[in-house]
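Single-structure report; data block below.
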Amino acid sequence: MMSDAAFLSRLREKLGTTGVLMDPAQCESYAIDWRRLFQGKPLVVARPSNTHEVAAVVALCRDYQIAIVPQAGNTGMAGGAVPDASGRELVLSLARMNTIRSIDPVGMTMEVEAGVILKTAQDAAAAQGRLLPVSLAAEGSAMMGGIVATNAGGLNVLRYGMTRALVLGLEVVLPDATIVNGLRHLRKDNAGYDWKQVFIGSEGTLGIVTAAVMRLLPQPKDSVTALLSVPHPQAALDLLACVQSELGDSITACEMMAGFSLGLVEKHFGLRRPIADGEWFVLIEAASTLSGLREATETALGHALQRGFALDGIIAESGRQAAELWQLRERITESEGKEGKSVKHDVSVPIPLIPAFLRAADEAMARLLPGTRINCFGHLGDGNLHYNILVDRHTADEVNVVVHDVVQRFGGSISAEHGIGQYRVAELDRRRAPEEQILSRKIKDAIDPDGLMNPGKVLPRKSAHGH
Ligand code: FAD
Ligand code: 2HG
Ligand code: ZN
């Protein structure tokens, strides 16, 4: 049996001392997720600086049968980037691979390494008049490798789709250390299996994403942001349908928040909503490269108010005011964290069923834990709600089952955008049809026969499951 000391010394040979962290104090931030729910203990943290170094680490891990936990910005919501407590798993951090390899404003593509921070990539594209559309509140920390590996959603999926819709090419390192270079800058490429789709959203369980070619769009010249209060979720849907009919696909975001959620933001950040109180609020953003957007938005929202879909509303008068309205939405997660413990759900249901789903979920929660506070907000336009219950985590499993039962009854998904990680493995396994889980296991076994890539994430550990 080859020793840890031999492994670690060979790792240092490959990466140099800056590429290997072993001191527990230095490893601490890699061992726990940002919510401080999932605490592990890495054997070592490897920080390769290029794709060949990634492949060298993977080869070494294969030789010594050491499991690998890929980590990018460590902002994930499902504990996927954190090692287990055994002290036997290596964390492979992509943070040093942070080069933007190219931006092509004519072909509208951008090639980025896995450790490029999303905001850095957005800004670089914007400097060339182009838009990298992925947008989320964690964009100052999340990295492109993590964005791709989770197939991140976010605030403008309504218009631009999930990350998957924006990835043109991928470079991955397989568990056998092969580097597969699929970094094609092509809009159309039907040549053979589109294998990159298997890696997008695979949460580090199939291989390491080292670089990606992202699709860019023209940077809109004009955008309009509005906050409205609505009497109930059905009115929010009517409002969405109304503005969609009038503004078409210039709508980039349609977010819904309970008054309770904005109350948390006010309490913890002192940010006040600028319109009259309501049970529910909707934040709408439209963007266009053409002129006349503001007038069209004013007309559309005027119609929605006349028809009673909205009670009150405000359209931002400046970029600064628009940013302030977005702060009300983007600060909800942090406010929830400051308020205390919570049990999160990231669910989707068919869009027209949102009001009925909310009634049923609220009833189920009232039966389970009468009087519990619910922080519900999310991406209305995508049918994706964050239905977060403000209770101590020791009740998490019971709460998850109750909420997910309702989700399942409505034909929904128990993970709309955050992924499965370790948090939702058991719930996915008990709710997905066996045929789907067996197919997923076949994919995993074909690509990662030794089971060394992020074990126990997405799929149950093999020994614990029996297939
Ligand atoms: P990490 O957390 O480091 O990793 C996430 C998963 O991907 C892990 O399983 C990890 O093993 C794997 N992984 C990471 N890098 C690689 C790689 N290079 N190769 C293979 N596997 C890899 N998510 C949304 O979808 N929508 C939102 O609106 C949203 N808002 C958020 C708001 C806040 C305030 C926070 C804190 C998080 C939010 N998230 C959201 C969740 C999170 O930001 C996303 O999941 C993001 O894509 C994770 O990126 P990361 O770089 O932090 O990945
Ligand atoms: C968002 O939409 C994120 O802001 C975070 O997906 C959701 O905190 C959450 O539960
Ligand atoms: Zn979200």
Side-chain angles (χ1 to χ4, degrees), residues 29-30 33-35 38 48 51 54 58 67-83 89 91-95 97 112-118 134-157 162-164 170-175 199-212 253 255-257 261 264 283 326 329-337 342-348 375-380 382 384-389 415-423 453-458:
S29 65
Y30 299 87
D33 71 317
W34 69 274
R35 289 184 73 202
F38 303 100
T51 303
V54 172
V58 173
I68 299 173
V69 181
Q71 188 178 102
N74 200 11
T75 68
M77 288 275 182
V82 174
E89 297 185 338
V91 171
L92 194 156
S93 165
L94 280 304
M97 288 191 61
V112 287
E113 291 186 347
V116 173
I117 289 177
L118 172 57
V134 188
S135 170
L136 34 92
E139 63 200 21
S141 309
M143 295 172 185
M144 294 309 298
I147 293 289
V148 170
T150 58
N151 184 30
L155 302 167
N156 55 23
V157 170
M162 303 276 281
T163 295
R164 186 183 299 288
L170 221 55
E171 178 185 78
V172 297
V173 175
L174 300 180
F199 289 85
I200 301 169
S202 64
E203 301 182 61
T205 61
L206 299 178
I208 319 275
V209 174
T210 45
E255 300 283 309
M256 183 168 81
M257 302 148 280
S261 309
L264 289 180
L283 184 68
W326 270 109
R329 165 65 182 86
E330 295 194 38
R331 292 281 188 186
I332 296 175
T333 297
E334 279 172 273
S335 307
E336 183 187 289
S342 62
V343 177
K344 284 185 184 291
H345 304 90
D346 165 37
V347 308
S348 61
N375 184 27
C376 179
F377 61 99
H379 317 287
L380 181 76
D382 313 325
N384 174 193
L385 295 174
H386 301 301
Y387 191 82
N388 299 343
I389 314 294
S415 178
E417 59 172 8
H418 293 162
I420 297 301
Q422 54 180 298
Y423 179 40
M453 289 305 310
N454 221 357
K457 316 289 170 51
V458 182

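Scope of the values below: all heavy atoms of this structure, side chains included, with no hydrogens, waters or symmetry mates. For ligands, and for the atoms within them, numbers begin at 1 and follow the listed sequence.
- Of all the atoms in ligand 1, the ones that sit under 4.0 Å from a non-hydrogen atom of Q71 are 3 (O).
- Proximity of V209 to ligand 1, defined as any heavy-atom pair under 4.0 Å, is shared by backbone and side chain alike.
- Atoms CG and CD, from L283 and E255 in turn, are 7.0 Å apart once rounded to the nearest 0.5 Å.
- Counting heavy atoms from C-beta on, the side chains of M77 and T150 never come closer than 4.5 Å.
- Across all their heavy atoms, G76 and W34 have their closest contact at O-NE1, 3.1 Å.
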Which protein N or O atoms sit under 3.5 Å from any N or O of ligand 2? Give atom names and distances.
{"residue": "ligand 2", "atom": "2 (O)", "partner": "R329", "partner atom": "NH2", "Å": "2.6"}
{"residue": "ligand 2", "atom": "2 (O)", "partner": "H379", "partner atom": "NE2", "Å": "3.0"}
{"residue": "ligand 2", "atom": "2 (O)", "partner": "H386", "partner atom": "NE2", "Å": "3.0"}
{"residue": "ligand 2", "atom": "4 (O)", "partner": "R329", "partner atom": "NH1", "Å": "3.0"}
{"residue": "ligand 2", "atom": "4 (O)", "partner": "R329", "partner atom": "NH2", "Å": "3.2"}
{"residue": "ligand 2", "atom": "6 (O)", "partner": "H386", "partner atom": "NE2", "Å": "3.0"}
{"residue": "ligand 2", "atom": "6 (O)", "partner": "E417", "partner atom": "OE2", "Å": "2.9"}
{"residue": "ligand 2", "atom": "6 (O)", "partner": "H418", "partner atom": "NE2", "Å": "2.7"}
{"residue": "ligand 2", "atom": "8 (O)", "partner": "T333", "partner atom": "OG1", "Å": "2.7"}
{"residue": "ligand 2", "atom": "8 (O)", "partner": "K344", "partner atom": "NZ", "Å": "2.6"}
{"residue": "ligand 2", "atom": "10 (O)", "partner": "K344", "partner atom": "NZ", "Å": "3.0"}
{"residue": "ligand 2", "atom": "10 (O)", "partner": "N388", "partner atom": "ND2", "Å": "2.9"}

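- Looking only at heavy atoms of the protein, atom 1 (P) of ligand 1 is closest to N74 N, 3.5 Å.
- Proximity annotation for atom 47 (O) of ligand 1: of V157, I208, T150, L206, T150 comes nearest, heavy atoms only.
- Per-residue contacts place L94 under 4.0 angstrom from the following atoms of ligand 1 (heavy atoms of the residue considered): 18 (N).
- Of all the listed residues (A149, P70, G419, G204), P70 holds the heavy atom that lies closest to atom 11 (O) of ligand 1.
- Between V82 and V69, the closest side-chain pair of non-hydrogen atoms is not below 4.5 Å.
- Proximity of W34 to ligand 1, defined as any heavy-atom pair under 4.0 Å, is confined to the side chain (atoms from C-beta onward).
- Judged by distance alone, with hydrogens and angles left aside, the side-chain atoms of T210 form a donor-acceptor pair with the main-chain N or O of E171 at under 3.5 Å.
- A donor-acceptor contact closer than 3.5 angstrom is absent between the side chains of D33 and N74.
- Taking only nitrogen or oxygen atoms, main chain and side chain alike, L136 does not reach within less than 3.5 Å of ligand 1.
- For the atom pair CG of L136 and NE2 of H418, the computed distance is 8.5 Å after rounding to the nearest 0.5 Å.
- Put simply, the side chain of E336 does not reach to within 4.5 Å of the side chain of H386, judged on heavy atoms.
- The shortest side-chain heavy-atom distance between H379 and V157 does not fall under the 4.5 Å cut-off.
- You'll find the side chain of K344 reaches within 4.5 Å of the side chain of T333, heavy atoms only.
- Proximity annotation for atom 34 (C) of ligand 1: of T333, V116, T210, T333 comes nearest, heavy atoms only.
- Contacts of K457 with ligand 1, taken as heavy-atom pairs under 4.0 Å, are absent altogether.
- Distances from atom 14 (C) of ligand 1 to the heavy atoms of G146, G76, A142 show the closest one on G146.
- In summary, the atoms of ligand 1 found under 4.0 Å from a heavy atom of N454, numbered by their order in the structure, are 9 (O), 11 (O).
- Within the protein, the N, O or S atoms sitting under 2.8 Å from the Zn ion (ligand 3) are H379 NE2, H386 NE2, E417 OE2.
- Atom numbering of ligand 1 starts at 1 in the shown order; those under 4.0 Å from a heavy atom of G207 are 20 (C).
- Looking at G154, A212, S141, G201 and measuring to atom 28 (O) of ligand 1, the nearest heavy atom belongs to G154.
- In plain terms, the two heavy atoms of N151 and M162 that are nearest each other are O-CE, 3.3 Å.
- Side-chain contact between L206 and M453 is absent, with no heavy atoms from C-beta onward closer than 4.5 Å.
- Nearest residue to atom 48 (C) of ligand 1 from L155, I420, T75, V54 is T75 (criterion: closest heavy atom).
- Residue E203 has at least one heavy-atom neighbour below 4.0 Å for each of these atoms of ligand 1: 9 (O), 11 (O), 12 (C).
- To the nearest 0.5 Å, atoms CG (L385) and CG (L380) are separated by 7.5 Å.
- Ligand 1 places these atoms under 4.0 Å from at least one heavy atom of A81: 1 (P), 2 (O), 3 (O), 4 (O), 8 (C), 9 (O), 10 (C), 11 (O).
- Regarding atom 25 (O) of ligand 1, its nearest protein heavy-atom neighbour is G153 N, 2.9 Å.
- Polar contact check, G73 against ligand 1: a nitrogen or oxygen pair lies under 3.5 Å apart.
- Given atom 15 (N) of ligand 1, the protein heavy atom at minimum distance is A72 CB, 3.4 Å.
- For atom 31 (C) of ligand 1, the candidate residues are M144, M77, E417; the nearest heavy-atom contact is made by M77.
- Atom CD1 of I200 and atom CD1 of I147 lie 12.5 Å apart (nearest 0.5 Å).
- Summarising the geometry of A137 relative to L155, their closest heavy-atom pair is N-CD1, 4.4 Å, with the distance given to 0.1 Å.
- Considering all non-hydrogen atoms of both residues, T75 and A142 come closest at OG1-CB, 3.6 Å.
- Counting atoms of ligand 1 from 1 in the listed order, those under 4.0 Å from a heavy atom of A152 are 25 (O), 47 (O).
- Of the candidates G421, A138, G145, the one placing a heavy atom closest to atom 35 (C) of ligand 1 is A138.
- Once rounded to the nearest 0.5 Å, the distance linking CG of N454 with CD of E203 reads 8.0 Å.
- Heavy-atom minimum distance, I68 versus P455: O-CD, 4.3 Å.
- Looking only at side-chain heavy atoms (C-beta outward), L94 and V209 stay at 4.5 Å or farther from each other.
- Annotation: side chain of E417 is not in contact with side chain of D382 (no heavy-atom distance under 4.5 Å).
- Nearest heavy atoms, G146 versus A72: N-CB, 3.6 Å.
- Scanning all protein heavy atoms for the shortest distance to atom 23 (N) of ligand 1 gives H418 CD2, 3.6 Å.
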